[in-house]
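What you see is a predicted model, and the numbers here were worked out from it, not measured in a lab.
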Amino acid sequence: MKNNLKEKMVAGNSVLGTFMKLADPAVVEIFGLAGFDYVILDIEHGPNSFETCQNLIRAAELRGVAPIIRIYANEEGLVQRALDMGAAGVQVPQINTKEEALKLVKSAKFTPVGERGLCRYVRAADYSSRDKKDYFASANEETMVIGHIEGMEGIRNLDEILTTGLDVLFIGPYDLSSSLGLPGQVDHPLVVEKIKEVCEKAAKANVLIGTFADNVDKAHFYRDLGVKYISISVDVGIITDAARKIVKDYLA
């Protein structure tokens, strides 16, 4: 199956998504109907599980929004489970070295590119109804592998990480601020300087960059830096902001 999200970014377009912590498929549908390009189904932070994500993926596909799963560790079994369910990509935290990045890529790709376990009796292969040769080949081509760089160790090893075949290198501004001794200060000049440094090196290496933005203004700022994979806020934060605004406007 063609990965339209990946195709858009390779063509030079930015894409917009959000993190999803709620386990109700209706919420995924709403964001798809709103026009988001992708949703990140978050297993690292929040109550979601692989079991709840399966129906969230179905909801995403129904409404034309690409489902990405963020797992909580760079482990082969976790990567495989996420992709076997039919996620368009997998997003993995704390990639700090070339070896960790290579491990992630190998876990996400079938032979001869990687070492992902072969099984066509999974949802991603339409429960074995797809031709197995076509499935294994297209999965290698279309699956998005997204690694988080979240601290100074990753930035020190950036040149090597950029050679490993990651589709997107995702900058985590909050963890980066903490690594710099500035927890939560994502707009601090030093944090912004490091983000710009990563963007510049990634552009030269022809690797797509992603990051998280708290609001639309910050998303525009990152887009102007060349970031293509922009994740704005979180489903619960968006709902919270909208609810508070209604109450504030009513009481004004």
Side-chain angles (χ1 to χ4, degrees), residues 3 5-6 9-10 15 17 38 40 42-45 68-84 87-118 136-137 139-182 186 190-212 222 225-231:
N3 190 329
L5 182 69
K6 187 175 181 178
M9 288 189 289
V10 170
V15 294
Y38 66 95
I40 303 170
D42 195 353
I43 297 180
E44 182 185 13
H45 295 292
I68 307 294
I69 293 185
R70 176 165 76 167
I71 56 177
Y72 52 82
N74 187 16
E75 296 178 8
E76 180 180 352
L78 299 177
V79 173
Q80 183 168 295
R81 288 190 72 185
L83 297 177
D84 282 353
V90 63
Q91 193 159 323
V92 181
Q94 296 296 341
I95 300 300
N96 295 309
T97 66
K98 178 180 180 179
E99 291 72 26
E100 290 172 352
L102 285 172
K103 177 184 177 181
L104 169 56
V105 173
K106 287 181 179 180
S107 297
K109 302 289 185 177
F110 294 118
T111 186
V113 180
E115 301 171 351
R116 179 179 166 190
L118 293 176
F136 294 137
N140 271 0
E141 182 66 27
E142 302 300 333
T143 296
M144 286 183 59
V145 186
I146 305 161
H148 281 225
I149 183 168
E150 302 181 277
M152 285 308 299
E153 182 182 2
I155 290 178
R156 284 191 292 269
N157 294 319
L158 181 61
D159 291 337
E160 290 186 337
I161 291 172
L162 289 170
T163 68
T164 58
L166 291 174
D167 293 299
V168 178
L169 188 65
F170 190 92
I171 306 167
Y174 278 91
D175 282 316
L176 178 57
S177 71
S178 181
S179 177
L180 290 167
L182 302 162
V186 295
L190 183 56
V191 177
V192 174
E193 176 189 327
K194 293 301 178 184
I195 292 174
K196 287 181 177 179
E197 178 185 328
V198 174
C199 289
E200 289 169 2
K201 288 190 174 183
K204 291 178 181 178
N206 200 30
V207 175
L208 296 167
I209 283 290
T211 196
F212 174 83
Y222 289 135
L225 287 181
V227 176
K228 301 301 182 188
Y229 181 87
I230 297 174
S231 304

Do side-chain atoms of S107 reach the backbone of K103 as a donor and acceptor pair under 3.5 angstrom?
yes
Q91 side chain to I40 main-chain N or O, any donor-acceptor pair under 3.5 Å?
no
Which pair of heavy atoms, one from E150 and one from Q94, lies closest together, and at what distance?
OE1-N, 2.8 Å
Which heavy atom in N3 sits nearest to a heavy atom in A88, and how many Å separate them?
ND2-O, 3.2 Å
Could you tell me which non-hydrogen atom of I149 sits nearest to which non-hydrogen atom of L158, and how far apart they are?
CD1-CD1, 3.9 Å
As an exercise, state the distance from CD of E76 to CG of L104, rounded to the nearest 0.5 Å.
11.0 Å
Donor-acceptor pair, distance only, cut-off 3.5 Å: does the side chain of T164 make one with the backbone of L102?
no
Are the side chain of S177 and the backbone N or O of L182 linked by a donor-acceptor pair below 3.5 Å?
yes
Show your reasoning for whether side-chain contact (heavy atoms from CB on, under 4.5 Å) applies to M152 and I155.
CA-CA 5 Å; M152 285 308 299; I155 290 178; 4.1 Å; yes
Taking all non-hydrogen atoms of both residues into account, name the closest pair between R116 and A139 and its distance.
NH1-CB, 4.4 Å
E197 atom CD, neighbour heavy-atom count above 12 within 6.0 Å:
yes
For N157, the side chain to side chain donor-acceptor pair (under 3.5 Å) test, sequence neighbours excluded, returns none
Over 60° means perpendicular and under 30° means parallel, so classify the ring planes of F170 and Y229, tilted if in between.
perpendicular
Minimal non-hydrogen separation, V90 against V92, with atom names:
CG2-CG2, 4.1 Å
What residues form a side chain to side chain donor-acceptor pair (under 3.5 Å) with D167, not counting sequence neighbours?
K6
